[in-house]
Chemist: 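Encoded as structure tokens, here's the structure I'll be asking about.
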There are 2 protein chains.
Amino acid sequence: MRSYGQYCGVARALDAVGDRWNLLIVRELLLRGPCRYTDLQHGLPGIATNLLAERLRDLEAVGVVSRQAAPPPVATTLFELTESGRELEPVLRALGRWGSRFMGESPEGDAFRVHWLAFPVAEYWVDNDPEAGPLSIAVHTGEEAAVIEASGGQLDVRLGPAQSPDLVLSGDPQTILGLLVGRLSPAEARRRGLRSHGDIGLLRRFRPEHRPPASVRLAP
Amino acid sequence: MRSYGQYCGVARALDAVGDRWNLLIVRELLLRGPCRYTDLQHGLPGIATNLLAERLRDLEAVGVVSRQAAPPPVATTLFELTESGRELEPVLRALGRWGSRFMGESPEGDAFRVHWLAFPVAEYWVDNDPEAGPLSIAVHTGEEAAVIEASGGQLDVRLGPAQSPDLVLSGDPQTILGLLVGRLSPAEARRRGLRSHGDIGLLRRFRPEHRPPASVRLAP
DNA sequence: CGGCATCCTCTTTGATACTG
DNA sequence: CAGTATCAAAGAGGATGCCG
């Protein structure tokens, strides 16, 4: 991307990561941790392979991504975020939160990957009963599966099947998401095709939190 | 911008405002409030006029900007953020904060506008003595002037000259910024050409704050 | 397979000139 | 003041090929 040529933090940030696909690459690495090239391709449906290669070079050049030669069991290149790259998390969270207003519109034709649910969970969930025992919730949608694990007040989202989940949810992405962020009640979600095994009341433990408003007025 | 075609909040947000220049247009409207077309051009050095017109149409279409026919004293079109557009503030703040790491690099050749300082002030300042009387600090850099006003714990940044400032700062953008965010001490700033009138110690009232870390791990 | 590079077409950008 | 019109250059997207 050409530089905006403006001595402003927002402009400089966009100079570095404002190019098309860049922030989505960062999303993948934030959500999944170190990834192979093909993992990235899978998590970025629609990207042209030459663009992915070029963007990874660009992100490396600005110090957001680094590449590692993985040791023998993997024996491939792993791409991971640098410290600076991980510090983009607030940007991605703010974008995801703002973008959630468009998630009600039907996902017809849109690709979906389960691990994308980790952002809504991170943004909208809080463990209201951190003293209670660990809990695991399996989520199945499309061909993929993920697990949300709560333990000691900490929430984690992993890809893959659960060992012995306390609750299993399956349904289409829109319904699962609606349920997870509280836009749909369990009853509404079931009406839209949600299937569940286990006590769906467990979800109440993770009600959305609210945050304080900003304190500085920008344009009085 | 073509849609990413991904059912993900971040992707949907970028579908809406990820196009080149869009977030900088939002920055201008956040910092300056309702603007005329030519105000926007001035605050967006480097934008082509056809692009500005097109982007304003796009942003209107996604509900981020609205246009108003201003009443007789102004008698022109005013562009302003909708509620949804104002809710992009956390995105811009996160971007500006992340981008501040690139602000140490020399601004040679980069354009600068004083009102861009409002973001760093909003991000890095806090009024540690809100009970104290109101205070106004004038900032002069390049051809422009702005005022930072503190009153009752509230901070405001305005364009234009100050009435009777308690402190006047002038210098190049990099030095002023370094001083405002605490990267430079007053002595260092003076060595880099800062000129001041009034008690520069007043700045201590507005020391940077720190924020708590995030509580949800994304990629365990 | 994993990690690209090349080639090609189509779209978007940026610069400039011009207009109601 | 608030744009539209035009055009060259850069970038995106898709297909395919190459090399360990």
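In what follows, chains carry the letters A, B, and so on, assigned in the order in which the sequence lines appear, proteins first and then strands, with residues in each chain numbered from 1.
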Chemist: In chain order, what residues pass the side-chain contact (heavy atoms from CB on, under 4.5 Å) check against Glu60(B), with sequence neighbours excluded?
Modeler: Arg67(B)
Chemist: So, using side-chain contact (heavy atoms from CB on, under 4.5 Å) as the criterion, who are the partners of Ser3(B) when residues are at least two apart?
Modeler: Asp15(B)
Chemist: Taking OH from Tyr37(A) and P from dG20(D), how many angstroms apart are they, rounded to a whole number?
Modeler: 18 Å
Chemist: Rounded to the nearest angstrom, tell me the gap between atom CZ in Arg2(B) and atom P in dG11(D).
Modeler: 17 Å
Chemist: Please give me every residue in residues 47-58 of chain A whose heavy atoms get under 4.0 Å of an atom in DNA chain C, ordered by residue number.
Modeler: Thr49(A), Asn50(A), Ala53(A), Arg57(A)
Chemist: Listed by chain and number, what are the side-chain contact (heavy atoms from CB on, under 4.5 Å) partners of Ser151(A), not counting sequence neighbours?
Modeler: Pro134(A)
Chemist: I'd like the 5' and 3' limits of the part of DNA chain C contacted by chain A, with heavy-atom contacts below 4.0 Å.
Modeler: dG2(C) to dA15(C)
Chemist: Under a 3.5 Å threshold, yes or no: a donor from one side chain and an acceptor from the other, between Arg101(A) and Ser84(B)?
Modeler: yes
Chemist: Between the opening five pairs and the closing five pairs of the helix from dC1(C)-dG20(D) to dG20(C)-dC1(D), how far apart are the helix axes, to 10°?
Modeler: 30°
Chemist: If a pair satisfies salt bridge (Lys or Arg N to Asp or Glu O under 4.0 Å) and one of its residues is in residues 161-174 of chain A, list it, with sequence neighbours excluded.
Modeler: none
Chemist: How would you list, by chain and number, every residue that makes a side-chain contact (heavy atoms from CB on, under 4.5 Å) with Arg191(B), sequence neighbours excluded?
Modeler: Ala187(B), Glu188(B)
Chemist: For Arg113(A), check salt bridge (charged side-chain N to carboxylate O under 4.0 Å, His left out) against everything at least two apart and list the hits.
Modeler: none
Chemist: Just how far, in rounded Å, is C1' of dA12(D) from OH of Tyr4(B)?
Modeler: 11 Å
Chemist: Arg36(B) CZ to dG3(D) C1': how many Å, rounded?
Modeler: 15 Å
Chemist: Test of understanding: with salt bridge (charged side-chain N to carboxylate O under 4.0 Å, His left out), list the residues that count as partners of Arg27(B), not counting sequence neighbours.
Modeler: none
Chemist: For residues 4-31 of chain A, which residue pairs qualify under ring pair (Phe, Tyr, Trp, His ring centres under 6.0 Å), counting only residues two or more places apart or in two chains?
Modeler: Tyr4(A)-Trp21(B), Trp21(A)-Tyr4(B)
Chemist: To the nearest Å, give me how far apart CG (Leu40(B)) and C1' (dG3(D)) are.
Modeler: 13 Å
Chemist: Hey, are Glu28(B) and His115(B) close enough side-chain-wise for a donor-acceptor pair under 3.5 Å?
Modeler: yes
Chemist: Take atom CD of Gln68(B) and atom C1' of dC1(D), then tell me their distance rounded to the nearest Å.
Modeler: 18 Å
Chemist: Please tabulate, for the side chains in residues 46-54 of chain B, all donor-acceptor contacts under 3.5 angstrom to protein atoms that are two or more places apart in sequence or on a different chain.
Modeler:
unit_1   : atom_1 : unit_2   : atom_2 : d
Thr49(B) : OG1    : Tyr37(B) : OH     : 2.9

